[in-house]
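Just so you know, these numbers use all the heavy atoms, side chains as well, and skip hydrogens, waters and symmetry mates.
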Amino acid sequence: MVSLPFETIWVEYPNIADVSKTTGFLPTSDGPIPYTLPAIYDPNTSTAIADSVRIAEYLDNAYPDTPKLFPLGSHALQYAFLDALPNKFSPLFQFSLSASNAVLNPPSEEYFRRTRKAIYGKTMEELLPKGEVAVVEWAKVKAGLDEIYGWLEKGKSDGPYLLGRQPGFADIVLASMMIYLKKIWGEDSHLWKDLSNWNNGFWAKLVQDFEKYEVYT
């Protein structure tokens with residue numbers, strides 16, 4: 001895993017666009033929210049870059065002596081894997097958006113609530129499935145994660161990660177999603193307890209494996 005000195009600057013949602021423009025980050029989307037995080041500014045090369053995958057490829061190229069997030073020969077596999085993930089993850093977001101909103105600071109909470117209502121046409125409370133609908137939708141979440149786990153199981157003799165024994169960028173994406181869910185739902189929530197036990201505890205183990213990389217400085 002890449003190990004370089006860094007400083008984290010926290011930005012509230014309403015300020016992301018202004019900070020991005022000031023720093024020189026390009027838009028990452030042509031949709032209603034064109035500027036997104038994460039983004040990095042590298043003072044060693046005066047480079048400003050946004051979008052996770054672009055950041056990963058930049059770091060691989062700019063710092064060739066560090067472990068690669070896209071090892072030689074892995075680009076096609078990792079990009080195909082990443083392209084397939086949104087479809088498998090999509091049922092999750094109805095269970096995560098309101099929980100995300102609940103942990104935000106007031107300026108970001110108002111922005112997040114307002115912009116997501118504009119996108120989805122529903123309030124945070126309306127987006128969260130309830131009753132029998134929640135049971136059906138939660139089963140869809142499990143089905144999606146079962147399929148991802150099935151892909152990884154095909155290569156388990158080579159190691160626990162997509163590329164074998166060393167994690168690549170795609171593994172970071174998976175682990176980040178699970179860490180995000182654990183944090184917004186809470187370790188003792190029924191949602192996290194249920195999900196973390198699926199697939200022989202694979203998702204809980206993935207979070208545990210990446211805990212050492214959770215550094216905020």
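- The cluster map of Ile, Leu, Val, Met, Phe, Trp and Tyr, joined by side-chain heavy atoms under 4.5 Å apart, puts Leu77 and Leu69 in the same cluster.
- Every residue was checked against the side-chain hydrogen bond (donor to acceptor under 3.5 Å, both in side chains) condition with Lys122, not counting sequence neighbours, and none meets it.
- Applying the 6.0 Å contact sphere to NZ of Lys154 captures no more than 12 heavy atoms from other residues, nucleotides or ligands.
- In this structure, Tyr35 and Leu26 have side chains that are not in contact, with every pair of non-hydrogen atoms separated by 4.5 Å or more.
- A side-chain donor-acceptor contact under 3.5 Å links Asp171 to the backbone of Gly168.
- When the side chains of ILVMFWY residues are joined at heavy-atom separations under 4.5 Å, either directly or via intervening members, Leu195 and Trp151 end up in a single hydrophobic cluster.
- The shortest heavy-atom contact between Leu104 and Ser100 is CG-O, 3.3 Å.
- For Pro67 against Asp60, the heavy-atom pair with the smallest separation is O-OD1, 4.0 Å.
- Residues Ser96 and Ile184 come closest through the heavy atom pair O-CD1, 3.5 Å.
- In terms of the side-chain hydrogen bond (donor to acceptor under 3.5 Å, both in side chains) criterion, residue partners of Asn105 (sequence neighbours excluded) are, by chain and number, Glu12.
- The closest side-chain heavy-atom distance from Asp51 to Phe25 is not below 4.5 Å.
- With hydrogens and angles disregarded, a donor-acceptor distance shorter than 3.5 Å links the side chain of Ser90 to the backbone of Asn87.
- For the atom pair CG of Leu128 and OG1 of Thr123, the computed distance is 10.0 Å after rounding to the nearest 0.5 Å.
- A salt bridge (Lys or Arg N to Asp or Glu O under 4.0 Å) check over residues 86-110, counting only residues at least two apart or in different chains, returns the pairs Lys88-Glu147, Glu109-Arg113, Glu110-Arg114.
- Partners of Tyr79 by ring pair (Phe, Tyr, Trp, His ring centres under 6.0 Å), not counting sequence neighbours, listed by chain and number: Phe70.
- The shortest non-hydrogen separation linking Ser196 to Ala204 is O-CB, 3.6 Å.
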* Checking side-chain contact (heavy atoms from CB on, under 4.5 Å) for the pair Phe93/Leu127: CA distance, chi angles, key distance, verdict? -> CA-CA 9 Å; Phe93 290 103; Leu127 283 167; over 6 Å; no

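- Both Met177 and Tyr213 sit in one connected hydrophobic cluster of ILVMFWY residues. Membership requires side-chain heavy atoms under 4.5 Å apart, directly or through other members.
- Looking at heavy atoms from C-beta onward, Leu174 lies out of side-chain contact with Leu162 at the 4.5 angstrom threshold.
- Contacts of Lys142 classified as salt bridge (charged side-chain N to carboxylate O under 4.0 Å, His left out), with partners at least two apart in sequence or in another chain: Asp146.
- Rounding to the nearest 0.5 Å places CD1 of Ile179 at 4.0 Å from CD of Glu214.
- Two residues are said to be in side-chain contact when any heavy atoms from C-beta on lie closer than 4.5 Å; Arg54 and Glu57 fail this criterion.
- For the pair Ser98 (side chain) and Glu125 (backbone), a donor-acceptor distance under 3.5 Å is absent.
- Partners of Tyr161 according to the ring pair (Phe, Tyr, Trp, His ring centres under 6.0 Å) rule, which considers only residues two or more places apart in sequence or in another chain, do not exist here.
- Counting only distance, with no hydrogens or angles, the side chain of Asn15 and the backbone of Val11 share no donor-acceptor pair below 3.5 Å.
- Between atom CG of residue Leu163 and atom NZ of residue Lys68 there is a gap of 14.0 Å, rounded to the nearest 0.5 Å.
- Tyr13 places none of its side-chain heavy atoms less than 4.5 Å from the side chain of Ile33.
- Within the 4.5 Å cutoff, the side chain of Gln94 has no heavy atoms near those of the Val141 side chain.
- Judged as a salt bridge (Lys or Arg N to Asp or Glu O under 4.0 Å), the pairs with a partner in residues 126-137 (not counting sequence neighbours) are, in order, Glu137-Lys140.
- Taking the side-chain hydrogen bond (donor to acceptor under 3.5 Å, both in side chains) definition, one finds that Tyr120 meets it with nothing, sequence neighbours left out.
- Pairs engaging residues 90-103 under the salt bridge (Lys or Arg N to Asp or Glu O under 4.0 Å) rule: none recorded [sequence neighbours left out].
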* Asked: Could you go step by step and tell me if Gln78 and Val53 meet the side-chain contact (heavy atoms from CB on, under 4.5 Å) rule?
  -> CA-CA 10 Å; Gln78 292 206 71; Val53 68; over 6 Å; no

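- Using a 4.5 Å heavy-atom cutoff, the side chains of Ile148 and Asn199 are not in contact.
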* Given the rule in the side-chain contact (heavy atoms from CB on, under 4.5 Å) test, do Tyr180 and Leu92 qualify, once you have shown the distances and angles that lead to the verdict? -> CA-CA 12 Å; Tyr180 156 73; Leu92 262 171; over 6 Å; no

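- In terms of heavy atoms, Phe210 sits closest to Pro167 at CZ-CB, 3.7 Å.
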* Tyr58 and Thr45: side-chain hydrogen bond (donor to acceptor under 3.5 Å, both in side chains), yes or no, with the steps? -> CA-CA 11 Å; Tyr58 166 78; Thr45 60; 2.5 Å; yes

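- Counting only residues at least two apart or on different chains, no salt bridge (Lys or Arg N to Asp or Glu O under 4.0 Å) pair has a member in residues 14-37.
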* To do: Take Leu152 and Phe202 through the side-chain contact (heavy atoms from CB on, under 4.5 Å) test and state the conclusion after the steps.
  => CA-CA 10 Å; Leu152 296 171; Phe202 174 81; 3.5 Å; yes

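- A distance of 15.0 Å separates NZ in Lys117 from CZ in Phe112, rounded to the nearest 0.5 Å.
- Checked against side-chain hydrogen bond (donor to acceptor under 3.5 Å, both in side chains), Thr23 has no partners two or more places apart in sequence or in another chain.
- Applying the ring pair (Phe, Tyr, Trp, His ring centres under 6.0 Å) rule to Trp138 yields the partners Phe95, Trp185, Trp198; only residues at least two apart in sequence or on another chain are considered.
- Without hydrogens or angle criteria, Asp42 side chain to Thr47 main chain gives no donor-acceptor distance under 3.5 Å.
- With contacts defined as side-chain heavy-atom distances shorter than 4.5 Å, the pair Gln208/Trp203 does not qualify.
- Across every non-hydrogen atom of Glu187 and Lys193, the tightest pair is O-CG, 3.9 Å.
- Expressed to the nearest 0.5 Å, how far OH of Tyr41 lies from CD1 of Ile49 amounts to 13.0 Å.
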